[in-house]
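See structure below.
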Amino acid sequence: MRYGETGYNLEIDLATGNIERVETDPKMTELHLGGLGTNAKILWDRVPPETDPFSPDNILMFSTGLLCSTPAPGANRTIVTTYSPQTLFMGYSMMGGVFAPELKFAGYDKLIFRNKSPNLVYIWIHNDKVEIRDATHLKGKGAVETQELVRKEVGDPDAQVAAIGLAGENRVYMASIEQGRSSASRLGVGAVMGDKGIKAIAVRGTKDINVARPEEFYQLCNEVLQYIKFREERPIPNVMTILQGLGSPQEMKHTDEKWHTENFMWGNARTRRKDFWNDEIEKRWKDVQLSARKRLISCYNCPMKCGAILSLPGMSTYMMKCFSKLTYTMAAYVDDLDFAFRIAQRATEYGVDGFSTPQVMAFAFELKDAGILTDKDFAGTSAYEACPSDNMGRFYWILDRIARREGIGDILANGTYWAAKEIGNGAEEYAHNNIKKHEQLPLKLGMLNPVYFLMYATGEKANITQIEGQFPQAPFMTMEEREEFIKDWIQVPDEKFKQYVLDWEPRGERSNPYYPTPEIATDIVDWQEMMHFIDDALGVCAGLSSFPLKPPYHIHNYPKFISAATGMDIDEEGLKEIYRRNRNLVRAINVRRGLTRADEKPPQDHWKKRFPELEEKLLDTYYEFKGWSNNGIPRKETLDKLGLEYVSEDLTKRGILTDDEETPAKEASAQK
Amino acid sequence: MGEKIKKKVKTIKIDLEKCNGCRACEVICSAFHASPKYSSNNPARSRVRMIRDPIKDIYVPVYAGEYAPAECMGRDVYVIDGKEYGECDFCRAVCPSRDRFKEPDSGLPLKCDMCEGEEEPLCVKWCITDALTCEEREEEVEEEEKPADMDIALESLVEKHGLEKIADAVARMSKKG
């Protein structure tokens, strides 16, 4: 019997309709745990680096994590992995909800799709019975609407459905996969799902998931629940409200948006409006939010309430979490939360990423103002009206064009990087907020923060909220505050992190950008990455682990969870080694697709004050710590020590790993 | 007839407004009733199930009650605060009209036992959003002998197939060893 996992993957060839239930090798669990780790292994093994994301040879994986469907609170994440059409690197986007637990109860750790279906289909998985069903009648349907229709069609109210909207069908690079209150929206995974011809996946499972040491596992879960209660009663003092508690930022709960609206940028990540928030707006926005919000909701087996059901008069109900609440309205320069919720509803039905899409839309109007795009690009046709001139109207208009790939929308649908390239004429300058061709949060700050510099530059997920966490974002003002903070900080992997907090000053010698020093910054980033990598392999939500300050899961209790669930005896050192193995494998996949040091650049305007020499030193120190060359490529001995000899052999054969580190790595063919 | 005695009765108070739909109640219920305890997890075996329709904002934890051999006539609709609920959404019965509260492999009925032996039902303990809370009240009840799990299971089979068939089947199975 397998513990923690089911021991089976479901492999579907969309071209032939062949469906296989394939037993997995338990050795892979020992080496990579599951989720992101085993996804990376499969992607490395099966998909050659030359593969175009829209080639039939690209695979699309929906993976559960190792702890999903056990009673471990918050273990509900689905890790979607493929090659990203936007970055061309490994795209791994994740979602909460109920999909992964249901898939595991149906008897599968992963769903692996290869090739393409000639017609639009949906997949219906009911335990051992798996069907590929025609979905032509669902063509063009909204992502939320489709979930409801498919649930009805399969006739099981407990079926969980993940679906794409029109944007995914049209291979819009920002297309998301929507499921309940969650979505896998970054890096274009919805576009690959659409390219493969999958409109939706419905799953229902009624099988057992076993744990190896039941009593011990149950006690660990109780401790986590107790700690969540403890933390809910004790918000962390001296940090801003949204960082005080657990979960993802509680955007659906809080109505006070002074911090976001005045510190994040409006438009195409351009304008800071320092005096935006006032009593009148506060009152109006609060009314809108409370009347639209029907209930605060959670994902599977998690006591947090990060999402909400939103229902506005005259439109169908949808669910939301986190920052999509503000991204559209701020990008559009519209001071109205009602508009924010309404346009987000349309965007959710189209199935697009709430971070990238609003920026692409604002970018289009900047190009128009700059004369790079002209009235001709915003004209009407027999199929649709010309672009309205008001801020609200034109944003709905451009969203429609992008999702439908009509007119200028067809170019914009590839994101700011690719669109700027195609438009030319100086448009590149306006695609100013990208890392690795991927739009980032609209944040523009003053002084360079060395820890954030490293996370932005080197994070493979290219999304800061899935890289940061654990360590305070800014120094505490006084020594008393610092001492107070470190007092019950049980999560640190090493006592030295407490000293870093004590030493970090808001001003003077031991302040940004020179403190944390490159060595210390690297230490901190490594810890943050480690926790995210472990979460993504276990399927535990970052909101209870790697993202917030003082979370219930940490490096000291995770080995116990894994051991009790699976029966493998893993200690902290063993877990850290798996993290390093997975981290290096993900890096190697991207290096094989052409990633180099030149790609590891935060947007030039992210901080006003930049320090080129220090930034190079930071990257050097980080790479050295990781055992990578100064070009960001894992060295042979680093890989071999982790049992990744097959990786170092392959990289050597391709001329990417050379004895002489000064030789620039060979350009990989996937780089356009 | 048994004697009348005073007995403390545990009841669960369900506050639908507080429910965030996480299904932790189902999780821990199925784990607690696994054999050995906590060794497996499967909401389909849980004796509390979430009737859950997020788009309609319907969230109702329902507990498994008595086995019912036949469907009832209940097809009525309740409208509460503008939301439509089916009559079944509140019903505890294990009945032929639905899959709820039946062991997924054997189809045998399940019944909430309030996690006998525990300080409080574990669904309550694990519901830290307090949608489920436990209340104790004193009731005068007639003492009765409690049927064992096996008796309950067999009784339901007898209701369905008749005593003779069941007896035959048991005899056959004993012969096979």
Side-chain angles (χ1 to χ4, degrees), chain A residues 1 3 69-74 76 97-98 101-102 104-105 127 144-145 147-148 151 156-158 180-181 204-219 221-222 225-226 228-229 232 294-309 311 316-319, chain B residues 16-46 49-60 81-83 86 88-89 98-100 102-107 118 122-132:
Chain A
M1 198 198 301
Y3 295 101
S69 306
T70 71
N76 53 44
V98 196
E102 200 68 42
K104 229 160 153 178
F105 289 129
N127 293 326
V144 182
E145 189 188 3
Q147 294 173 53
E148 295 304 304
R151 204 185 334 269
D156 191 330
D158 290 331
R181 53 126 277 173
R204 171 79 180 118
T206 56
K207 298 190 190 185
D208 298 346
I209 292 296
N210 304 298
V211 297
R213 302 207 284 265
E215 189 64 40
E216 192 183 324
F217 193 80
Y218 169 66
Q219 290 310 336
C221 294
N222 272 334
L225 281 179
Q226 288 311 312
I228 293 172
K229 263 190 118 136
E232 288 294 277
K294 299 303 160 209
R295 181 184 299 265
L296 289 169
I297 53 173
S298 74
C299 297
Y300 181 78
N301 194 23
C302 176
M304 307 309 299
K305 299 176 179 177
C306 307
I309 302 168
S311 194
S316 59
T317 305
Y318 73 114
M319 286 167 266
Chain B
L16 302 189
E17 293 304 311
K18 286 186 180 157
C19 179
N20 65 350
C22 78
R23 301 168 61 189
C25 48
E26 296 180 2
V27 170
I28 198 56
C29 176
S30 82
F32 177 77
H33 290 98
S35 178
K37 231 182 230 184
Y38 312 117
S39 63
S40 71
N41 197 245
N42 182 357
R45 294 186 198 282
S46 173
R49 294 304 307 276
M50 283 291 308
I51 308 287
R52 187 175 170 277
D53 191 344
I55 290 294
K56 294 187 189 140
D57 187 29
I58 286 176
Y59 287 80
V60 188
D81 273 346
K83 287 182 274 183
C88 291
D89 294 353
R98 57 181 187 181
D99 289 337
R100 279 183 211 288
K102 289 171 194 159
E103 285 281 4
D105 24 29
S106 64
E118 294 291 310
L122 292 192
C123 52
V124 172
K125 186 174 173 185
W126 273 49
C127 184
I128 66 175
T129 54
D130 287 340
L132 305 176

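Only heavy atoms go into these numbers, but all of them, side chains included; no hydrogens, no water, no symmetry mates. Everything numeric here is computed off the predicted structure, so don't read it as measured data. Chain letters run A, B, ... following the sequence lines, proteins first, then strands; residues in each count from 1.
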So, the part of A:Glu102 with a heavy atom under 4.5 Å from chain B: the answer is side chain

Report task. Give a yes or no on whether B:Asp99 atom CG has more than 12 heavy-atom contacts from other residues, nucleotides or ligands under 6.0 Å away. Result -> no

Turns out that what part of A:Ile309 lies under 4.5 Å from chain B's heavy atoms comes down to side chain

Assert top hit (heavy-atom pairs under 4.5 Å, partner chain B, pool A:Lys229, A:Lys207, A:Met304) equals A:Lys207

Whatever's closer than 4.5 Å to a heavy atom in chain A on B:Asp105 counts as neither

>> I want to check something: taking the side chain as every heavy atom from C-beta on, are B:Pro54 and A:Met319 in contact at a cut-off of under 4.5 Å?
In response: yes

B:Ser40 and A:Asn210 have their tightest heavy-atom pair at CB-OD1, 3.3 Å

Whatever's closer than 4.5 Å to a heavy atom in chain A on B:Cys25 counts as neither

Under 4.5 Å to a heavy atom of chain B? For A:Gln147 that would be neither

The reported gap from CE in A:Met1 to OG in B:Ser39 (rounded to nearest 0.5 angstrom) is 7.5 Å

Whatever's closer than 4.5 Å to a heavy atom in chain A on B:Lys83 counts as side chain

Scored by heavy-atom pairs under 4.5 Å with chain A, the best of B:Pro36, B:Cys19, B:Ser30 is B:Cys19

Most heavy-atom pairs under 4.5 Å with chain A, out of B:Asp57, B:Thr129, B:Asp53, belong to B:Asp57

When the 4.5 angstrom heavy-atom criterion is applied to B:Ile55 and chain A, the contacting part is both

Rounding to 0.5 Å, atoms CD1 (B:Ile58) and NZ (A:Lys294) come to a distance of 14.0 Å

One should read off an interatomic distance between B:Asn41 CG and A:Ile209 CD1, to the nearest 0.5 angstrom, of 8.0 Å

Greatest number of non-hydrogen atom pairs under 4.5 angstrom with chain B, of A:Asn76, A:Thr317, A:Val98, A:Thr206, falls to A:Thr206

- Taking NZ, NE, NH1 and NH2 as the nitrogens, is one of them in A:Asp158 or B:Arg100 under 4.0 Å from a carboxylate oxygen of the other? yes

Closest non-hydrogen atoms of B:Gly21 and A:Ser298, given as atom of the first, atom of the second and distance, are C-OG, 4.1 Å

Quick check: do A:Tyr218 and B:Leu122 have side-chain heavy atoms less than 4.5 Å from each other? yes

*asked:* Could you check whether any side-chain heavy atom of A:Asn222 comes within less than 4.5 Å of a side-chain heavy atom of B:Lys125, counting everything from C-beta outward?
replied: yes

Note, B:Trp126 side chain near A:Pro71 side chain (heavy atom, < 4.5 Å): yes

Checked B:Arg49, B:Met50, B:Glu26 vs chain A; the most non-hydrogen pairs under 4.5 Å come from B:Arg49

State, with a plain yes or no, whether a side-chain heavy atom of B:Pro104 is found less than 4.5 Å away from one of A:Phe105.
-> no

